Amino acid sequence: MNYDIKKILLDLISIQSDTGTYKECNIENYIFDILKSSPYFTKNTDLLGLYGENDILNRHVVWALKDNYVKDTIILISHYDAAPIDNYGPLAKYALNPEMLRKELKSIDLDDLAKKDLQNDDWLWGRGSCDMKSGIAINLNTILTNESKKNNILFLSVPDEENISCGMRSATNLLYDLKEKYNLNYKLLILTEPHQRKNLNTFNIHCGSVGKIMPLIFVKGKVSHVSNILTGLNPIPLLNELVNRLDLNKDFCFSDKGSLTSPPTVLGVKDLRQSYDVSIPEMSAAYFNMNFFKNVPIENILDKILELSKETVKNYLFKLKGVYKNFNDTSLEVPHIEVLSYREFKNIYLNKLKNINCTLSSIYKEIDNKVNSQQMNLQESSIYLITRLVKECNINHPIVIIGAIPPYYSAVNNDYIINNRYEGNINISTYLSSTIDIIKTTLIKYDLNLEIQPYFMGISDLSYTSCTDPFSEKQMLDNLIVSPNLYNIDFEKISKLNIPSINIGPFGRNLHENTERVYLKDVLEHIPKILNNII
């Protein structure tokens, strides 16, 4: 049977699969139907399925195993959700139709590179064309047409990558279960996420993925009437000082293997007052995006933010003291401001509450219901949680609490898992080297050079394919402000997998923008050939 990659890709693009919505289920069904109607899986109905339960949107991981009765297995993985089409504006009705969209784009003002690419048939336009329905099409074509008996092929396509990666976190359990059930040895996981490159003659692959943590700074002040503000403490100016110290701070740029992360930046600032009155606010919070590499212990990052916060609070109190001197009022006293990590807060205050388990259970249930009914998102629920806990602890003095909120992505890189690791008689380091040689040899035939990047910098599901220090990662979870029923990462199980992983995806431009497009030669020729040669 012929499985035309371009036809599959066009079909996939035509199915709207906005991340975090029920629309993801439509494309899930399309992928599953293609697999189950193929000759191999018609005969082997037990080797494919939809995995997952209790997802609030009823989404599943689509999986299929081509079992060649060997242990060694190559995993092909993709995500089927896509960014929403809203930013196409008046062209939104064409966003899922590459041919019509291309015609319409020619009539609007675009940058010079986009105009040039519109004249080139090697580019396919549309939402998800690049990120990452082309990767799904490539992987489907590979498992359905590859005839090699050297390795098994395991296909996975997951939901929610553009949001909080609940699909891949669920897939961790699936990978572990399939490994045990079929006695599989996972030699390599290949993600077909798109890449950026400087010129058409250089093909990029990635041997790891950058980590991401979202630190949260929560500030509780002291309420007072606005006519007597020096008897209170406004949390917003203090929070602003903390935000200014951390935002774009180059001390939180990390380097490894020649790569450098971007500086952190604030993503949200919240005044937590529910209504207006003539008093200063009591609580406020801000959260940040921060990237890191595998050589950076995750606990060091939060410790560093904690120390920065203590220094900032000290300086802020010194400034307040200068203000107080201008007033001849002996009753005025500069307040003490406590600065704690979320773990410290729990140990000092939360664990001393009577009936703590009942209290937490009640709060978690309330939050779970609000998130599951989409009354609040996961980030809002984290801020709501810390607000409720501080109130439950009846803390009356000013306090700054440093923690993190979901999502969290571990940094991964093959160099950190291959040392002394063997599977059967396979030396992982040697195997990866031979895989790189195969990729180079394949690309030479297309007059392409290979550039190997140590980290995929766009954040990806590769973060849940290996874990070399589960203890430290679990320690990090102690500072994660979230209902455990809504978000968890099984680092112990991931550490038992520790799958060497490579990102081999097509070249694309303007991901998530209304000029998103993918380079078709990678999709139709280069990557299918690479995958077949590896397998």
Side-chain angles (χ1 to χ4, degrees), residues 19-20 83-84 86-87 131 161-165 193 196 206 208-219 235-256 259-272 283-313 315-316 339 341-342 377-383 386 400-412 453 455-463 476 479-482 487 510-513:
T19 189
D86 304 10
N87 63 352
D131 188 14
E161 190 268 357
E162 303 288 2
N163 192 5
I164 59 172
S165 287
E193 189 82 49
Q196 308 295 305
H206 307 87
S209 192
V210 71
K212 170 189 170 89
I213 187 170
M214 291 178 64
L216 177 111
I217 299 177
F218 172 88
V219 181
I236 293 178
L238 175 54
L239 181 66
N240 286 340
E241 296 277 350
L242 292 162
V243 167
N244 288 336
R245 286 295 304 277
L246 189 55
D247 190 68
L248 301 180
N249 188 329
K250 62 181 177 59
D251 291 338
F252 290 87
C253 294
F254 305 105
S255 62
D256 188 29
S259 292
L260 181 70
T261 64
S262 298
T265 191
V266 63
L267 294 182
V269 180
K270 302 280 186 180
D271 167 15
L272 303 179
M283 292 176 281
S284 59
Y287 58 94
F288 301 77
N289 181 83
M290 185 175 292
N291 298 126
F292 60 97
F293 292 132
K294 183 65 178 171
N295 62 337
V296 181
I298 187 60
E299 278 297 293
N300 288 8
I301 296 177
L302 290 177
D303 288 345
K304 196 173 177 181
I305 296 173
L306 187 65
E307 291 307 309
L308 180 73
S309 299
K310 288 178 179 179
E311 179 188 328
T312 304
V313 167
N315 293 337
Y316 188 74
V339 184
S341 70
Y342 182 55
N377 62 34
L378 200 55
Q379 292 73 38
E380 291 168 337
S381 78
S382 294
I383 296 173
I386 188 62
V400 174
I401 299 173
I402 307 299
I405 64 175
Y408 171 73
Y409 291 81
S410 298
V412 295
Q453 300 288 344
Y455 291 97
F456 180 80
M457 298 301 290
I459 306 168
S460 77
D461 282 338
L462 289 183
S463 287
M476 191 284 305
N479 275 313
L480 198 65
I481 306 168
V482 68
Y487 191 88
N510 297 11
L511 283 62
H512 294 206
E513 299 179 35

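Computed from a prediction, not measured in an experiment: that's the story for all the values here.
- A donor-acceptor pair under 3.5 Å is absent between the side-chain atoms of Ser259 and the main chain of Ser255, judged by distance alone.
- To the nearest 0.5 angstrom, Asn240 atom CG is 8.0 Å from Ser284 atom OG.
- For the pair Phe288/Leu246, a side-chain contact is recorded, criterion being any heavy-atom separation below 4.5 Å from C-beta on.
- Ring geometry, Tyr408 versus Phe292: the interplanar angle falls under 30°, so the pair is classed parallel (tilted spans 30 to 60°).
- Comment: Glu307 does not engage Lys304 in a salt bridge, judged by the lack of any side-chain N to carboxylate O separation of less than 4.0 angstrom.
- If you check the side chains of Glu162 and His512, you find a donor sitting under 3.5 Å from an acceptor.
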Original post:
Going through the checks in order, is the side chain to side chain contact (heavy atoms under 4.5 Å, CB included) test met by Leu272 and Phe218?
Top reply: CA-CA 10 Å; Leu272 303 179; Phe218 172 88; 3.8 Å; yes
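- Here the shortest heavy-atom pairing between Val266 and Asp247 reads N-OD1, 2.8 Å.
- The distance from the CD1 atom of Ile383 to the CD atom of Gln379 is 8.5 Å, given to the nearest 0.5 Å.
- Between the NZ atom of Lys294 and the CZ atom of Phe254 there is a distance of 14.5 Å, given to the nearest 0.5 Å.
- Expressed to the nearest 0.5 Å, how far CG of Asn510 lies from CD of Gln196 amounts to 8.0 Å.
- Here the closest non-hydrogen pair linking Ser460 and Tyr409 is O-CD2, 3.6 Å.
- Residues Pro215 and Ile213 are in side-chain contact: their nearest non-hydrogen atoms beyond the backbone lie under 4.5 Å apart.
- Scanning all heavy atoms of the two residues, the minimum distance from Leu216 to Ala285 falls at CD1-CB, 4.4 Å.
- The shortest non-hydrogen separation linking Asn163 to Pro407 is O-CG, 4.0 Å.
- Residues Ser410 and Ser463 approach most closely at O-OG, 2.6 Å, considering heavy atoms.
- Side chain to side chain, Asp461 and Ser165 meet the donor-acceptor criterion of an N or O pair below 3.5 Å.
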Original post:
Run the side chain to side chain contact (heavy atoms under 4.5 Å, CB included) check on Ile301 and Met290 step by step: do they pass?
Top reply: CA-CA 9 Å; Ile301 296 177; Met290 185 175 292; 3.3 Å; yes
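- Tested against Leu239, the residues Val400, Asn244, Val219 include a single side chain to side chain contact (heavy atoms under 4.5 Å, CB included) partner, Val219.
- Between Ile405 and Leu378, every side-chain heavy-atom pair lies at or beyond the 4.5 Å cut-off.
- A 4.5 Å side-chain heavy-atom check between Glu161 and Glu193 finds at least one atom pair inside the cut-off.
- The shortest side-chain heavy-atom distance between Asn479 and Glu299 falls under the 4.5 Å cut-off.
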**OP:** Take Tyr487 and Leu480, measure what side chain to side chain contact (heavy atoms under 4.5 Å, CB included) needs, and give me the verdict at the end.
**Re:** CA-CA 10 Å; Tyr487 191 88; Leu480 198 65; 3.7 Å; yes
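- One finds the CG atom of Asn291 at 6.5 Å from the NZ atom of Lys212 (value rounded to the nearest 0.5 Å).
- Taking every heavy atom of both residues into account, Val412 and Tyr455 meet most closely at O-CE2, 3.4 Å.
- Put simply, CZ on Arg245 and CD1 on Ile217 are 10.5 Å apart, with the number rounded to the nearest 0.5 Å.
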